[in-house]
Amino acid sequence: MVKTSIGEDTEIYVINDKFSHDWSVSYSVSGDSYVCGCKLFQRLGLVCSHIFWVLRNKKMKLVPDHLHGGRWLKSNFVKPVHCGFVDDIEKALIVDEAAQEWRDMHGDYFEVAQSIKGNVDQIRAFRQIIAEGKKAIFGEGIVLSISDKRQMIENFYGSQAPSEIEVHPPDVVKTKGSGRRPITRLEQAMKMKAKPGRKCAECGEVGNHDARNCKKIKEKENNK
């Protein structure tokens, strides 16, 4: 998010995408509606990534019903096949608590960062709070035992480390043309010497040339 502008009835968010393009998303508080500059939602009825970003910044766990049209729901395709299909299947979502907390953390950080922008004292105080929190979480400056480190890593990744790790050797790959080196002049001369000669149709000599590259013909052309 590049910048925000919040008024009484309208909230404007400027989003910068991965292509470094800025898109303006307007939210009407009274109408509870979103309008994005990319026009994807207006043309196809699909919520674009820019509106999704604003919804995530607002810490919404589910997309509002009025933002997804009926033609894109799974129920419209499953109803003719399975009788008695539940209409609310789209709302029965499995929310990853860790992923949701991670997104909320980013939203909180961005909200604080935008509010203290330009104030040096508040920025330094906020950085100090982050440094102290980092020490409290990762235990910086405290020498941990091997078992404590192992437990901390397992808690961080959410799984236990395997007791045995099976390591396989890398696959041998030979690319096209690998293992070849340039031929030296001596090797090239020896190869030409071992090559059986042929009789030239122009000069009648037996050697490693033919009528196209015969030296006598070239000498005659040069003399002319």
Side-chain angles (χ1 to χ4, degrees), residues 1-78 87-134 137-138 140 153 155-159 170-171 173 175-176:
M1 183 176 292
V2 179
K3 62 180 179 179
T4 59
S5 177
I6 300 177
E8 295 182 358
D9 186 64
T10 305
E11 299 177 2
I12 299 176
Y13 302 88
V14 179
I15 312 297
N16 185 265
D17 60 6
K18 62 180 180 180
F19 302 106
S20 300
H21 296 160
D22 293 342
W23 301 98
S24 178
V25 179
S26 301
Y27 170 66
S28 176
V29 179
S30 59
D32 193 18
S33 60
Y34 292 85
V35 177
C36 182
C38 69
K39 304 297 183 182
L40 179 64
F41 182 63
Q42 288 81 351
R43 289 187 288 107
L44 299 180
L46 292 175
V47 180
C48 61
S49 59
H50 317 111
I51 298 179
F52 265 119
W53 204 101
V54 175
L55 295 176
R56 188 185 70 177
N57 187 62
K58 289 179 174 292
K59 300 180 181 180
M60 291 187 179
K61 296 183 178 180
L62 295 176
V63 178
D65 295 337
H66 64 276
L67 291 183
H68 48 77
R71 62 175 295 189
W72 305 111
L73 298 181
K74 292 189 293 184
S75 57
N76 290 337
F77 299 97
V78 183
D87 294 339
D88 297 334
I89 188 172
E90 289 82 11
K91 299 181 181 179
L93 302 176
I94 300 175
V95 180
D96 189 354
E97 184 177 357
Q100 184 64 38
E101 291 293 335
W102 186 81
R103 290 191 292 266
D104 294 345
M105 178 195 67
H106 276 273
D108 295 339
Y109 169 79
F110 183 79
E111 182 180 357
V112 175
Q114 286 290 326
S115 61
I116 65 177
K117 185 177 181 181
N119 193 323
V120 179
D121 295 334
Q122 292 181 353
I123 293 174
R124 290 174 179 171
F126 186 55
R127 290 187 61 191
Q128 184 65 28
I129 294 173
I130 294 176
E132 293 176 357
K134 184 178 178 182
I137 294 175
F138 297 103
E140 294 184 2
I153 294 173
N155 294 335
F156 179 78
Y157 286 101
S159 62
D171 297 333
V173 178
T175 59
K176 184 178 180 181

Query raised in the report: Does the side chain of Ile15 reach to within under 4.5 Å of the side chain of Val25, using non-hydrogen atoms?
Result: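 Yes - at least one pair of side-chain heavy atoms lies under 4.5 Å apart.
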Query raised in the report: What do the steps show when you test Val14 against Trp23 for side-chain contact (heavy atoms from CB on, under 4.5 Å), and what is the final call?
Result: CA-CA 6 Å; Val14 179; Trp23 301 98; over 6 Å; no
Query raised in the report: Closest heavy-atom contact between Asn16 and Ser20?
Result: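 Taking Asn16 first and Ser20 second, the nearest heavy atoms are ND2-C, 3.5 Å.
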Query - Closest contact, heavy atoms only, Ile123 versus Ile116 - result: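 Between these two residues, the closest heavy atoms are CG1-O, 3.5 Å.
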Query - Residue list, side chain to side chain donor-acceptor pair (under 3.5 Å) with Glu132, at least two apart or on another chain - result: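 Result, side chain to side chain donor-acceptor pair (under 3.5 Å) vs Glu132: Gln128.
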Report task. Mark yes when over 12 heavy atoms from residues, nucleotides or ligands other than Tyr109 sit less than 6.0 Å from its OH; otherwise mark no. Result ->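 12 or below, so no.
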Query raised in the report: For His21, which residues count as a ring-ring contact (aromatic ring centres under 6.0 Å, His included) partner, sequence neighbours excluded?
Result: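 His21: no ring-ring contact (aromatic ring centres under 6.0 Å, His included) contacts found.
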Query - Check ion pair Asp108-Lys59 (N to O, under 4.0 angstrom) - result: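 A salt bridge links Asp108 with Lys59.
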Requested in this report: Only pairs at least two apart or in different chains count here, so list each salt bridge (Lys or Arg N to Asp or Glu O under 4.0 Å) that has a residue in residues 10-28.
Outcome: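 Found Glu11-Lys58.
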**Report entry** Nearest-0.5 Å distance that lies between atom CD in Glu111 and atom CG in Asp104
**Finding:**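 Between atom CD of Glu111 and atom CG of Asp104 there are 11.5 Å.
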List the atom pairs, with distances to 0.1 Å, where a side-chain N or O of residues 28-41 and a protein N or O form a donor-acceptor pair under 3.5 Å, not counting sequence neighbours.
residue: Ser28; atom: OG; partner: Gly31; partner atom: N; Å: 3.4
residue: Ser30; atom: OG; partner: Asp9; partner atom: OD1; Å: 3.0
residue: Ser30; atom: OG; partner: Asp9; partner atom: OD2; Å: 3.3
residue: Asp32; atom: OD1; partner: Tyr27; partner atom: OH; Å: 3.0

Which pairs would a plain distance check flag for residues 46-54, meaning a side-chain donor or acceptor within less than 3.5 Å of a matching protein atom at least two apart in sequence or in another chain?
none

Query - By side-chain contact (heavy atoms from CB on, under 4.5 Å) - contacts of Ile129 (at least two apart) - result: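 For Ile129, no residue satisfies side-chain contact (heavy atoms from CB on, under 4.5 Å) once neighbours in sequence are set aside.
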